[in-house]
2 protein chains.
Amino acid sequence: MAGEKIDRRVKYTKMVLEESFITLMEKKDISKITIKEICEKADINRSTFYAHYSDQYDLLRKIENKFLADIQAYLENFDKKYTEDILLITEKIFQYIRKNARICRLLLSERGDFTFQKKIMKLVYDLIISEITGDNKITKEDAEYVYSFTVSGCVGFVQKWLDDGMKKSPRYMAEIIVNLILGLINLLKNGAPEGQYAAKI
Amino acid sequence: MAGEKIDRRVKYTKMVLEESFITLMEKKDISKITIKEICEKADINRSTFYAHYSDQYDLLRKIENKFLADIQAYLENFDKKYTEDILLITEKIFQYIRKNARICRLLLSERGDFTFQKKIMKLVYDLIISEITGDNKITKEDAEYVYSFTVSGCVGFVQKWLDDGMKKSPRYMAEIIVNLILGLINLLKNGAPEGQYAAKI
DNA sequence: CGGTTTGTCAACACCGTGTTTGATAAATAA
DNA sequence: TTATTTATCAAACACGGTGTTGACAAACCG
C-alpha cells in the first residue's frame with residue numbers, strides 16, 4: 001500500500017487523462033463523453049487509456065477514490081491538533097471545499113454521484129460525531145434512520161452552498177450545520193421537544 | 001393537455017419499450033444498456049424507438065416525468081379529504097412507495113438520479129409543510145439552507161427504507177420523519193434548544 | 001553501461017448508432 | 001363499409017466509437 005514507485009510515463013499519462021476528463025466533465029454529462037475525445041484532448045493513444053481504465057466511469061471512480069483519500073489524509077492531519085472543537089473542524093472542511101472548488105464542484109455538486117457523496121459525508125460526520133457522543137453510542141432503534149437522514153441532509157446542504165457560488169463564509173455554514181446536527185442528536189435522545197408531534201397522533 | 005386520444009399502437013410500443021428498459025435497469029447500469037438491446041427484448045424495431053425517444057436517457061426522463069405526475073395526482077386526490085393530518089398524509093406516501101415498489105426501487109433508490117429525487121421530495125415536503133406553517137413563511141436567512149438539508153435528508157431517509165427491504169411499517173417511518181421535520185422547524189424558529197452549540201463558539 | 005521489463009502507439013476488425021427508404025398493416029374518420 | 005391517415009417494420013446505409021493486436025521505444029535495475 002505504501003508508495004510503490006510508479007513509472008514516470010504512467011504518472012504523466014494518468015495526469016493528462018484525468019485533467020482532460022475533468023475539463024470535459026465541466027462542459028457536458030459523462031454519458032456524452034467518449035474515450036476517443038478524452039484521449040485526443042490529452043494527446044494519448046486510446047489503447048493506453050485502456051491499459052489504465054476500463055471506461056469513463058472507471059476513470060471517474062478512480063478520481064473519486066483519490067479525492068476520498070485526500071480528504072481522509074486532511075482530516076487525520078487535522079484532528080490531532082483541534083480534536084475538541086467541532087465547530088472549528090467543520091469550518092475547516094468548508095474551507096477545504098472552497099480551496100478545492102474545481103474538483104468539489106464536479107464530485108459534490110448535483111451532477112456528482114450521490115452514493116459517493118454520502119460516503120464522504122459519513123466519513124466527516126463520523127469523525128465529528130464521535131467527539132460529541134464519545135462511546136455513548138445511541139442504540140435507539142430509529143437511530144440508523146436518523147443517521148441516514150442526517151448524512152444525506154449534509155450532502156444537500158453542501159450542494160446548496162456550491163450551487164450558490166459559495167457566497168456564505170465557511171464559518172457561517174459550519175455554524176448552521178453544527179446547530180442542525182446537535183439539534184437532531186438532541187431530538188433523538190430526548191424525543192420531540194414540546195410534544196408537538198405526539199399531540200397530533 | 002387533456003387526454004388527446006393516442007393511437008393504440010403507440011401505447012403498446014411505449015409500454016413494451018418501458019417495460020423492457022426497466023427490466024434491464026434492474027440488472028445493470030443505464031450506461032451499459034444499448035438501444036439495440038432494449039428493442040430486441042421488447043421486439044420493437046430500432047427505428048420505431050427513435051420515433052419516440054432520442055436515447056436511453058430520454059426514455060428514463062420520460063418515465064420519471066410520468067412517475068412525478070402520478071405522485072402529484074395521488075396527492076391532489078388525497079389532500080382534500082385528510083388535509084389536516086400531516087402524519088396520515090406522510091403515512092400514505094410511504095404506503096404509495098411500497099405499493100409501487102418496483103418503479104420506486106428504480107427511481108428513488110441509490111441508483112436513481114438525486115436531482116429527480118429531490119424534486120419529488122420538494123413536492124411532498126411543500127405540501128406537508130404548508131399545513132404547519134400556513135402563510136407564516138420562515139424568512140430567516142438560513143431557512144433555505146435548512147430547507148435543502150431537510151429535502152435531501154428525506155431522500156436519504158426513504159433510500160434507507162428501500163435498501164432495508166421496507167421492513168418497517170409506513171406508519172413507523174412516518175412517525176420518525178414527521179418528528180424530525182417538526183424538530184427542525186422548531187430549531188429554526190427558536191434556535192438551539194439548550195445553548196449547547198452557542199457555548200462551543 | 002547493457003539486458004530486461006513495461007508503457008505507449010498505430011492499425012485492425014467489430015459493433016452499435018442514427019437515419020432513410022418504401023412496403024405493409026393497423027387505426028381512425030366519414 | 002370504404003377511404004384516408006398514420007405507425008411500424010425490414011433493409012440498407014455511412015459513420016464513429018470500441019476494444020484488442022503485435023511492434024517499438026522509453027524507463028528501470030543490476
Side-chain angles (χ1 to χ4, degrees), chain A residues 1-66 69 106 111 113, chain B residues 1-66 69 106 111 113:
Chain A
M1 208 63 199
E4 305 123 21
K5 285 224 169 185
I6 308 168
D7 196 307
R8 273 178 270 162
R9 292 168 294 181
V10 176
K11 252 188 211 168
Y12 174 79
T13 299
K14 287 189 174 177
M15 199 188 77
V16 289
L17 281 176
E18 281 179 16
E19 171 59 30
S20 162
F21 178 66
I22 289 172
T23 306
L24 287 167
M25 280 280 283
E26 288 170 343
K27 287 176 202 152
K28 53 174 157 177
D29 192 83
I30 185 169
S31 64
K32 306 288 178 195
I33 297 174
T34 66
I35 294 166
K36 190 172 186 272
E37 205 173 8
I38 300 169
C39 295
E40 275 174 0
K41 195 180 248 305
D43 194 32
I44 294 289
N45 193 280
R46 248 178 52 250
S47 56
T48 305
F49 180 97
Y50 288 111
H52 297 291
Y53 314 102
S54 60
D55 55 24
Q56 315 103 289
Y57 301 92
D58 182 45
L59 171 52
L60 177 59
R61 216 172 310 126
K62 276 166 182 160
I63 291 175
E64 285 176 349
N65 288 339
K66 199 166 147 194
L106 209 77
R111 314 177 60 197
D113 172 36
Chain B
M1 210 59 201
E4 306 124 22
K5 285 224 168 186
I6 308 168
D7 195 308
R8 273 178 269 163
R9 290 168 296 182
V10 176
K11 254 188 211 169
Y12 174 80
T13 298
K14 287 188 174 178
M15 199 189 77
V16 289
L17 281 176
E18 281 178 16
E19 171 59 31
S20 162
F21 178 66
I22 289 172
T23 306
L24 286 168
M25 280 279 284
E26 288 170 344
K27 286 176 202 152
K28 54 174 155 176
D29 191 84
I30 185 169
S31 64
K32 306 289 178 194
I33 297 174
T34 66
I35 294 166
K36 190 172 186 276
E37 205 174 8
I38 300 168
C39 294
E40 276 172 1
K41 194 180 248 304
D43 194 32
I44 294 289
N45 193 280
R46 243 178 60 248
S47 58
T48 305
F49 179 97
Y50 288 110
H52 297 291
Y53 314 102
S54 61
D55 56 22
Q56 315 103 289
Y57 301 92
D58 183 44
L59 172 52
L60 177 59
R61 217 172 309 126
K62 277 166 182 161
I63 290 174
E64 285 175 350
N65 289 339
K66 199 166 148 194
L106 207 77
R111 314 176 60 195
D113 172 36

Measure [atom1]/[X] against [atom2]/[N] and give the value in whole Å, please.
X	N	atom1	atom2	value
Lys32(A)	dT17(C)	NZ	C1'	12 Å
Leu17(B)	dC9(D)	CG	P	9 Å
Asp58(B)	dT17(C)	CG	C1'	15 Å
Met15(B)	dT8(D)	CE	P	13 Å
Glu40(B)	dA10(D)	CD	P	12 Å
Glu37(A)	dT18(D)	CD	P	9 Å
Tyr50(B)	dG16(C)	OH	P	11 Å
Lys5(B)	dA7(D)	NZ	P	16 Å

Just to confirm, is there a sub-4.0 Å distance from OP1 or OP2 of [N] to any side-chain nitrogen or oxygen of [X]?
X	N	result
Asn45(B)	dT8(D)	no
Thr34(B)	dG16(C)	no
Ser47(B)	dC9(D)	no
His52(B)	dT8(D)	yes

#### Entry: Along DNA chain D (nearest heavy atom to each residue), the more 5'-positioned of Asp7(B) and Ile35(A)
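Going by which nucleotide is closer to the 5' end, it is Asp7(B).
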
### Message
If you assign each of Gln56(A) and Ala51(B) to its closest nucleotide in DNA chain D, which residue comes earlier from the 5' end?
### Response
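The residue closer to the strand's 5' end, by nearest nucleotide, is Ala51(B).
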
### Task
Measure distances between side-chain N and O atoms of Arg9(A) and base N and O atoms of dA26(D), and say whether any donor-acceptor pair falls under 3.5 Å.
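Donor-acceptor pair under 3.5 Å: yes.
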
### Task
Would you state whether a donor and an acceptor, one from the side chain of Arg46(A) and one from the base of dG19(D), lie under 3.5 Å apart?
yes

### Task
Could you pick out which residue, Asp55(B) or Ile44(A), lies toward the 5' side of DNA chain C when each is mapped onto its nearest nucleotide?
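Result of the comparison: Ile44(A).
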
### Query
Between Arg8(B) and Lys36(B), which has a closest nucleotide on DNA chain C that is more 5'?
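The residue closer to the strand's 5' end, by nearest nucleotide, is Lys36(B).
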
### Query
Looking at Lys66(B), Lys62(B), Arg9(B), His52(B), which one forms a side chain to side chain contact (heavy atoms under 4.5 Å, CB included) with Lys14(B)?
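By the side chain to side chain contact (heavy atoms under 4.5 Å, CB included) criterion, Lys14(B) pairs with just one of Lys66(B), Lys62(B), Arg9(B), His52(B): His52(B).
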
### Task
May I ask you to test the Leu59(B)-Phe49(B) pair for a side-chain heavy-atom distance under 4.5 Å?
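Result yes, sub-4.5 Å side-chain heavy-atom pair found.
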
### Message
Just to verify, which of Lys28(B), Lys32(B), Arg46(B) counts as forming a salt bridge (charged side-chain N to carboxylate O under 4.0 Å, His left out) with Glu37(B)?
### Response
Lys28(B)

### Message
Has Thr23(B) got a side-chain atom pairing as donor or acceptor with Glu19(B)'s backbone, closer than 3.5 angstrom?
### Response
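Yes; judged by distance alone, with no hydrogens or angles, the pair exists.
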
### Query
Crowded around Asp43(A) CG? As in, over 12 foreign heavy atoms under 6.0 Å?
no

